J.: 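Quick one: this structure, given as structure tokens, is what I'll be asking you about.
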Amino acid sequence: MSDETDLPKQSIASRTEPISVCVRAADPLSRAGVVAQLRPRPEVRLLSDQDSDARVLVLVADSVDDDLRVQLRHIQRTSPTRTVLVATEIDAQHLVSAAECGVGGIIRRADATPGHLVDVINSVALGDGHLPGDLLAQLLSEVGRVQREVLGPRGLHTTQISLRERDVLRLLAEGRDTAEVANALSFSERTIKSTLHAFMNRHQLPNRTAAVAYAMRQGHI
């Protein structure tokens with residue numbers, strides 16, 4: 001994960017230069033549509049679709065299939081660029097799969113208005129993330145059901161997570177940013193970041209979105 005996430009959020013947000021963005025898609029028409037949405041926005045600076053120096057990659061796809069997962073893992077291994085996925089079809093399982101492949105933000109194509117897309121790009125560039133709220137609710141519900149109906153009756157429970165880590169991840173799963181989590185738990189932002197980084201390093205997770213997805217899959221939250 002980039003060292004940039006260790007910086008105070010306000011210092012990153014206060015930068016005047018636009019966020020460098022690369023847009024890739026399976027077909028040229030889809031790419032042209034997203035580029036047309038982003039080109040007038042002063043918050044971003046568009047690069048070519050092959051530019052490896054982009055701070056954020058916007059990847060447009062129909063769904064999270066095997067080919068896309070291979071592509072996402074390659075990006076995760078070879079580049080510090082953060083990824084926003086714009087998908088036509090996405091469900092809770094796709095959400096977890098994409099997050100585990102390093103995606104920082106996920107948007108349904110139907111919801112990808114210029115303003116919303118720029119907001120998510122900015123959030124991912126700052127080291128935060130974005131997941132569709134309804135899918136997150138479905139995922140949390142399913143994890144809770146598995147814990148109650150499958151793990152609980154067998155006396156199974158999760159380990160390798162502290163109460164502080166669980167609280168931090170639970171609040172992040174609710175869509176709160178670092179400052180809001182710190183305020184809710186009465187800790188400093190530095191403590192929240194250190195707690196989160198310890199969890200990510202221990203489980204070799206690339207970003208916050210992946211950490212939340214992993215915690216939900218394992219029944220931690």
Side-chain angles (χ1 to χ4, degrees), residues 1-9 12 19-24 51-61 63-87 90 92-107 119-132 135-136 139-140 143 158 160-162 164-166 168-178 181 189-221:
M1 191 169 184
S2 171
D3 291 338
E4 196 166 47
T5 57
D6 293 330
L7 297 174
K9 187 172 181 179
I12 302 175
I19 299 166
S20 57
V21 174
C22 170
V23 179
R24 295 179 189 167
D51 199 314
S52 61
D53 293 328
R55 189 171 170 194
V56 175
L57 166 65
V58 176
L59 189 59
V60 187
S63 63
V64 183
D65 57 17
D66 289 341
D67 289 341
L68 183 67
R69 281 189 284 269
V70 169
Q71 184 177 356
L72 290 172
R73 291 191 183 102
H74 176 74
I75 294 168
Q76 181 182 350
R77 289 195 306 268
T78 62
S79 171
T81 301
R82 294 174 175 140
T83 305
V84 172
L85 174 64
V86 180
I90 188 86
Q93 186 59 42
H94 291 156
L95 184 153
V96 173
S97 181
E100 290 180 339
C101 291
V103 172
I106 299 173
I107 316 173
D119 286 344
V120 174
I121 289 171
N122 184 62
S123 180
V124 170
L126 292 173
D128 292 330
H130 173 84
L131 303 174
L135 292 181
L136 190 55
L139 196 59
L140 287 169
V143 168
T158 57
Q160 291 189 311
I161 185 170
S162 68
R164 182 182 296 176
E165 288 172 339
R166 182 178 289 114
V168 169
L169 290 162
R170 175 178 53 81
L171 291 171
L172 289 173
E174 294 174 0
R176 306 196 195 189
D177 62 22
T178 303
V181 173
E189 291 188 42
R190 181 181 295 275
T191 297
I192 298 303
K193 290 177 180 178
S194 296
T195 300
L196 183 59
H197 286 174
F199 182 83
M200 291 190 299
N201 289 337
R202 191 163 69 250
H203 297 285
Q204 298 183 336
L205 300 166
N207 54 42
R208 298 177 182 211
T209 305
V212 170
Y214 176 86
M216 290 189 294
R217 183 188 282 269
Q218 296 299 317
H220 292 318
I221 57 175

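Computed from a predicted structure; not experimentally measured.
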J.: Is the closest side-chain heavy-atom distance between M200 and H197 below 4.5 Å?
T.: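 Heavy-atom side-chain distance check passes, below 4.5 Å.
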J.: Can you measure from SG (C101) to CZ (R77) and round to the nearest 0.5 angstrom?
T.: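 Rounded to the nearest 0.5 Å, the SG-CZ separation comes to 10.0 Å.
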J.: Would you say L85 and L68 make side-chain contact, with heavy atoms under 4.5 Å?
T.: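 Side-chain contact under 4.5 Å: yes.
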J.: With rounding to the nearest 0.5 Å, note down the distance linking CD in E165 to CD1 in I192.
T.: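 If I round to the nearest 0.5 Å, the distance is 11.0 Å.
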J.: How would you list, by chain and number, every residue that makes a side chain to side chain donor-acceptor pair (under 3.5 Å) with S79, sequence neighbours excluded?
T.: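 Applying side chain to side chain donor-acceptor pair (under 3.5 Å) to S79 gives T81.
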J.: With side chain to side chain contact (heavy atoms under 4.5 Å, CB included) as the test, pick out the partner of V56 among T83, V84, V120.
T.: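 The residue from T83, V84, V120 that satisfies side chain to side chain contact (heavy atoms under 4.5 Å, CB included) with V56 turns out to be V84.
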J.: Does any N or O in the side chain of R55 come within less than 3.5 Å of the main-chain N or O of A125, such that one atom is a donor and the other an acceptor?
T.: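 Indeed, once roles are kept as given, a pair shorter than 3.5 Å links the two residues.
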J.: Any sub-3.5 Å donor-acceptor pair from S194's side-chain atoms to R190's backbone N or O?
T.: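 The answer is yes, because a donor-acceptor pair under 3.5 Å joins these two groups.
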J.: In the structure I gave you, are the side-chain heavy atoms of N122 and D119 within less than 4.5 Å of one another anywhere?
T.: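 Contact flag for N122/D119 side chains = no.
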J.: When rounded to the nearest 0.5 angstrom, what is the spacing between CZ in R73 and CD1 in I75?
T.: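 Separation between the atoms: 12.0 Å.
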J.: So how far is it from R164 CZ to F199 CZ, rounded to the nearest 0.5 Å?
T.: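 With rounding to 0.5 Å, CZ (R164) is 15.0 Å from CZ (F199).
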J.: Any idea which heavy atoms bring G102 and Q76 closest together, and the distance?
T.: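 Taking every non-hydrogen atom into account, N-OE1, 3.6 Å.
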J.: Quick one: does R82's side chain get under 4.5 Å of I19's, heavy atoms only?
T.: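 No, every pair of side-chain atoms sits at 4.5 Å or beyond.
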J.: Could you report the tightest heavy-atom contact between G104 and T209, atom names first, then the distance?
T.: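 Heavy-atom minimum between the residues: O-OG1, 2.7 Å.
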J.: Taking the side chain as everything from C-beta on, heavy atoms only, tell me whether L196 gets closer than 4.5 Å to L169.
T.: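 Answer yes - side chains close enough.
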J.: So how far is it from D177 CG to L126 CG, rounded to the nearest 0.5 Å?
T.: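 The CG atom of D177 sits 9.5 Å away from the CG atom of L126.
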